[in-house]
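Worksheet: one structure, shown below.
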Amino acid sequence: MLVRSALPSVQRGPQRDAGRLTGAALRRRAPALLGAALALLLGCSGAAQAPAARPARAVKTPPGQPKAPEGLPLLPAQVVAELEGEDAAPYFARRGDEALLLYAAGGRLRTRVIGADGAPRGDLVDAGPVAADVPVAALRAGPQGYIAAWIEQSGGSRAVRVLALDPAGKPVAPASPVAQTAEEITWLDVLPNAKGALVLWEMPREDQGDVAQGDVDRVDVVMTVVAQDKGAAIKPTAPASVARDVLGWHAVATERGAAVALVLPPAAPRSVARAQGNPARKAEAEDAADTEKLGSIALLEIDAAGKVSAPVAVSPEPTAQIDLEIAAVGGRYLLTWTDERDIDGAVYLAAVEPGGKVVVTPRQATPPSGEQALVSLVAPSAGGGRALLAWEDLLRPRGGERDGGVEAGGAGRLIHLASVGPDGALGAERAALVFSASGPPDLAADGDGFAAVTLAPARLKAARDAAAAPPVWPTFVRFGPDLSVRAAEPVRAAPFAATDGVPYLVRGLSCHKGACVTLASAAAGAGPQQGGAGKASGAAGARAPLALVSLPVRESAWRAPAFREDKAPPPRATAVRALAEGDHLARVAAVELDGGAALAAWVTYFVEGASDAAPRGQDLSATLAVRAASPGGLGKLNVLTQKASSLGGVAIATAPPPPADPKGKGGASPGESVIAWVARERGETQVYVTRVDATGAKLAQKKLTTAPRKKQGGAASEASDVAIAYDGAGGFIVAWVDTRDGNAEVYAARVDRALNRTVPDRRITNAPLDAAEVQIAVRGQEAWLVWSDARPAGDAAAGGGAAGEAGEATGDVFFARLDAKTLQRIGDESRLHASPEHSRSPVLAPHEGGVLVGWVDEPAGEGAAAGGGSAARGGAAAGGSGGRAWLVRLDNGGAAQGAPVAVAGPDGTPVSSIALACDKACRGVLASAPGDSVVLSAFSLAPGEAAAPALKQLAWLTGSASQDVSPVFAGRSGGSLFFADDAVSGSGRVRWMTIAWP
């Protein structure tokens with residue numbers, strides 16, 4: 001293949017302004033590192049490492065592997081050659097029932113014919129001299145035999161040579177020089193046709209002076225026409241240009257010549273010479289440079305005589321990454337690439353007929369799933385059929401299903417597979433393949449199905465010991481036409497007995513008439529007397545045996561590193577979309593509207609004195625924005641203010657439209673909502689309320705508090721942690737935390753639809769230490785509040801038992817009931833659960849029988865949990881030393897129904913936040929941090945259920961484990977989840993996930 005997805009180094013460009021919040025965090029983008037769980041290197045496809053944009057389809061066994069179980073059968077294999085050094089690259093091409101092997105040894109090219117049974121036919125053939133430094137070569141079957149081409153490097157010179165071979169692998173004539181230059185040549189391929197072949201290669205172009213282009217790589221594509229009459233030597237033409245100054249390209253051979261897909265750069269950006277010393281202009285120039293990393297898609301055709309057609313625009317928007325691929329499917333050209341037109345990278349498809357007519361305009365290939373990356377497009381077998389599309393979702397569970405052969409969260413990326421027809425429509429059947437390395441796995445068409453060679457944990461079906469780390473070996477999988485797994489087992493064969501049958505390097509997967517084979521080689525010098533994998537010396541001059549290994553369909557004791565995804569039971573994420581990109585997020589809020597729509601609001605993270613200076617004369621803080629989301633798409637992004645307080649948070653509530661008055665006039669439009677937030681102006685904070693319509697457009701705004709904040713000789717008081725709920729009587733109740741009276745206490749106020757205060761600020765709590773993170777829900781004529789409070793555990797006003805020694809401040813969750821009309825407290829507040837840990841981030845989920853309350857306990861210090869704690873903790877605590885979520889049900893009178901239940905993250909990992917929603921059943925999502933990343937896991941509780949719920953992973957996020965993703969449901973069904981995440985580029989994103997529940 002000519003161009004491959006640069007999965008380990010995807011460059012993320014800027015997005016369309018409609019979904020982008022610009023800021024300092026956006027202006028310095030870093031390459032993405034989707035990396036392998038084991039940080040493995042791929043094998044080379046030549047004597048030197050292939051360019052990073054085209055990772056070789058080879059898998060390299062990591063060193064230090066556990067021994068293989070004894071007695072299990074090995075795969076059939078034939079030793080076909082000995083390579084000089086472990087990185088020497090063989091090339092393999094099929095022609096009918098036979099195939100040809102080509103490799104270099106001792107400064108000579110060697111060929112060998114391979115029969116249909118995989119056995120060598122005849123002796124090795126000396127095909128002529130070859131230079132010592134050949135970084136890239138290609139071998140293809142042609143009309144008269146085979147055609148090979150390669151790049152030679154000698155000193156500062158580069159040359160392209162072409163060699164014709166007959167069906168027996170013998171040279172028709174000596175190799176022909178095609179091009180010689182002092183410039184770099186980084187890639188080439190041979191594209192055979194009915195009259196000969198086209199040889200195409202690329203030459204990188206350095207930036208020619210515009211500083212804004214920065215590290216943008218562009219290439220020229222050059223060709224020669226190789227004509228071959230029957231039995232005659234080849235006649236290459238002089239090199240000719242195919243395309244100049246392109247970002248990426250990929251070509252496919254046709255009967256008539258070739259079709260070449262191109263990624264064209266956008267118009268050149270403005271020069272940044274005048275930006276020196278001007279930060280604003282410099283930032284604009286850097287953004288322009290990011291734009292240069294994306295391009296538009298075009299297609300051109302080349303006939304057998306080398307005539308190049310004019311490019312045809314396939315996707316005019318400059319939003320495509322360079323990982324473009326093309327395949328011939330059903331008489332059409334199918335093009336696919338990763339596209340960033342909708343904030344998140346997504347895999348797009350288009351179809352073009354020969355001659356240049358675009359018959360399927362660019363469209364997203366799969367449902368939105370957060371950031372995606374194209375992995376591969378595999379053409380069908382000769383005679384038609386469907387192609388195979390492979391891609392990676394960055395926000396999907398890793399590993400796979402526990403009972404289907406791959407353990408969820410296991411080592412490795414999850415590569416998704418679907419068949420695709422000439423109309424660009426994906427089949428309903430979906431499969432997933434684990435790949436424990438960077439780059440792409442080796443994929444090939446297998447009759448009406450497909451085959452893969454991957455690198456994955458090798459487990460026996462009968463193995464039950466999950467604690468023992470399995471070896472990571474090259475493994476083959478054969479898929480049926482419906483992508484069901486027909487066979488799978490590690491690539492182990494007798495020629496590699498010195499390393500338990502496991503080869504050092506596997507590459508060159510090929511299938512023909514239902515039989516699949518792959519090339520496998522040992523490490524240089526790994527003979528029968530040497531030890532386990534990775535212990536070979538690799539000394540210079542040592543030889544590495546090369547075997548052709550058969551990959552049969554047979555019963556196996558090994559678990560398959562692949563499974564059918566479309567049969568996975570709910571809960572599962574059905575779609576993930578980004579609403580905005582910008583600075584990191586502090587808080588996200590959402591509310592459900594009519595017709596399945598939702599309104600999401602968020603406030604960015606801003607630390608005074610630590611962020612970029614605002615433009616002169618402007619007092620900027622955090623950004624508050626809102627956007628509507630519905631099954632029909634996303635609405636306009638509305639920035640309400642850039643003077644918000646991150647600590648103030650954001651909350652949103654909606655109300656039904658009021659009934660029309662006797663004259664038929666309504667008091668408000670349907671879908672109006674009120675957003676509560678905190679503004680920071682001239683160093684002071686006050687609570688604000690903003691009324692918006694169903695699109696998020698601002699209708700009215702008022703300041704709710706006017707408390708004096710500045711204090712002589714001390715810090716100014718602050719408002720923070722806002723919450724809001726519709727009061728059921730045409731108004732809204734706002735709650736927040738305020739330090740105007742010294743320590744942080746909970747306050748509340750009531751407003752009508754016009755945002756006028758009907759109940760002024762009322763202090764709700766009175767405790768010696770600080771309250772935080774208040775939440776509110778309205779139940780009939782009452783407003784229910786929960787919050788975290790650091791008052792001493794033995795405080796008599798708190799209620800409940802002591803969590804430790806009297807007077808110790810533990811930070812527990814408290815509950816209080818208010819009259820919804822007057823905001824007077826009803827009865828005493830109560831402690832929901834006494835704990836020696838710090839309880840925080842409470843959430844409320846009302847339902848018909850009461851309310852489900854959840855919160856998170858921070859991890860206790862060493863031995864902290866041993867000194868007491870409530871009896872409710874006994875037996876309920878989940879395993880692991882990390883933080884846990886706690887759940888407790890309150891009945892309609894506010895009384896706890898049973899003891900709180902603890903829920904840990906998967907495998908005991910610490911929980912960072914929780915979201916709850918209750919309808920007929922209660923549903924939740926936990927954010928936990930296994931290692932250095934965040935995973936979202938779903939659970940459900942039937943009415944009255946009290947046991948700790950089972951978890952199922954929904955998504956692994958791309959941000960770091962230190963972020964608070966602030967998940968929140970919109971509505972009571974739990975079908976829409978909004979949360980914060982950091983993109984691969986490092987910028988903050990607001991995401992919307994739809995979830996299918998049982």
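Ring pair His833/Trp855 is tilted by interplanar angle, where 30° to 60° counts as tilted.
Proximity of a side-chain donor or acceptor of Thr685 to a complementary backbone N or O of Val678 within less than 3.5 Å is not detected. In this structure, the side chain of Thr641 engages the main chain of Lys643 through a donor-acceptor pair within 3.5 Å. Arg691 places no side-chain N or O within donor-acceptor distance of the main-chain N or O of Leu755, the cut-off being under 3.5 Å. With Thr822 contributing its side chain and Gln824 its backbone, the two residues share a donor-acceptor pair below 3.5 Å. Checked by atom type and distance alone, the side chain of Thr654 pairs as donor or acceptor with a backbone atom of Glu672 at under 3.5 Å. For Ser646 (side chain) and Thr604 (main-chain N/O), a donor-acceptor pair under 3.5 Å exists by modelled atom type.
No side-chain donor-acceptor contact under 3.5 Å links Asp812 and Ser835. Side-chain polar atoms of Ser717 and Thr739 form no donor-acceptor pair below 3.5 angstrom. No hydrogens or angles considered: a donor-acceptor pair under 3.5 Å links the side chains of Trp992 and Ser976. Between the side chains of Thr758 and Asp752, not a single donor N or O lies within less than 3.5 Å of an accepting N or O. Donor-acceptor pairing under 3.5 Å is recorded for the side chains of Asp981 and Thr958. For the 3.5 Å distance criterion, the side chains of Asn638 and Arg627 fail to qualify, holding no donor opposite an acceptor.
Distance check: Gln701 CD to Lys698 NZ gives 4.0 Å after rounding to the nearest 0.5 Å. Note that the CZ atom of Arg791 and the CD atom of Glu829 stand 4.0 Å from one another [nearest 0.5 Å]. Atoms CZ and CZ, on Arg817 and Arg779 in that order, are 11.5 Å from each other to the nearest 0.5 Å. Rounding to the nearest 0.5 angstrom, the gap separating the CZ atom in Arg753 from the OH atom in Tyr726 is 5.0 Å. Rounding to the nearest 0.5 Å places CG of Leu957 at 4.5 Å from CG of Leu936. From Leu599, atom CG reaches atom OG1 of Thr695 across 8.0 Å, with rounding to the nearest 0.5 Å.
Nearest heavy-atom pair, Ala589 versus Val650, reported as atom, atom and distance to 0.1 Å: CB-O, 3.6 Å. Minimum heavy-atom separation, Gly974 to Phe969: O-CE2, 3.3 Å. Residues Ala719 and Trp736 share a closest heavy-atom pair of CB-CD1, 4.1 Å. The two residues Gly924 and Leu916 come nearest to each other via the heavy atoms CA-CD2, 4.1 Å.
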Exercise for review: Evaluate the criterion side chain to side chain contact (heavy atoms under 4.5 Å, CB included) for residue pair Leu785 and Ile764; output intermediate values, then yes/no.
Suggested key: CA-CA 10 Å; Leu785 301 180; Ile764 306 302; 4.0 Å; yes
**Study point:** Intermediate values then yes/no, salt bridge (Lys or Arg N to Asp or Glu O under 4.0 Å), Arg750 and Asp727
**Key:** CA-CA 9 Å; Arg750 188 166 174 263; Asp727 66 2; 2.9 Å; yes
Review point. Is there a side chain to side chain contact (heavy atoms under 4.5 Å, CB included) between Ser960 and Asp932 once you walk through the steps?
Key: CA-CA 6 Å; Ser960 69; Asp932 59 356; over 6 Å; no
Exercise for review: Applying side chain to side chain contact (heavy atoms under 4.5 Å, CB included), run through Trp677 and Thr690 and close with a yes or a no.
Suggested key: CA-CA 8 Å; Trp677 55 284; Thr690 304; 2.9 Å; yes
Review point. Is there a side chain to side chain contact (heavy atoms under 4.5 Å, CB included) between Trp787 and Thr765 once you walk through the steps?
Key: CA-CA 10 Å; Trp787 67 95; Thr765 61; 3.3 Å; yes
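Cation-pi geometry between Arg989 and Phe979 is not satisfied (NZ or CZ under 6.0 Å from the ring centre, within 45° of the ring normal). Taking the ring centre of Tyr747 as origin, the terminal cationic atom of Arg740 falls inside the region bounded by 6.0 Å and 45° from the ring axis.
The shortest distance between side-chain heavy atoms of Arg587 and Asp964 falls below 4.5 Å. Counting heavy atoms from C-beta on, the side chains of Trp784 and Val778 never come closer than 4.5 Å. With a 4.5 Å cut-off on side-chain heavy atoms, His847 and Arg889 count as touching. Between Val903 and Val911, the closest side-chain pair of non-hydrogen atoms is not below 4.5 Å. When side chains are defined from C-beta on, Asp761 does not count as touching Arg763, because their heavy atoms never get closer than 4.5 Å. At a threshold of 4.5 Å between non-hydrogen side-chain atoms, the residues Val990 and Leu585 count as touching. Here the side chains of Lys821 and Gln781 are not in contact, with every heavy-atom distance at 4.5 Å or above. In this structure, the side chains of His838 and Ser788 come closer than 4.5 Å at one or more pairs of heavy atoms.
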Show me, pair by pair, the donor-acceptor contacts under 3.5 angstrom made by side chains of residues 767-776, not counting sequence neighbours?
residue, atom, partner, partner atom, Å
Asp770, OD1, Ala744, N, 2.8
Glu773, OE1, Ser841, N, 2.9
Glu773, OE2, Ser841, OG, 3.3

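Between Arg884 and Glu837 there is a salt bridge, since a side-chain N of the basic residue sits under 4.0 Å from a carboxylate O of the acidic one.
Applying the side chain to side chain donor-acceptor pair (under 3.5 Å) test to Asp982 and every residue at least two apart in sequence or in another chain returns His584.
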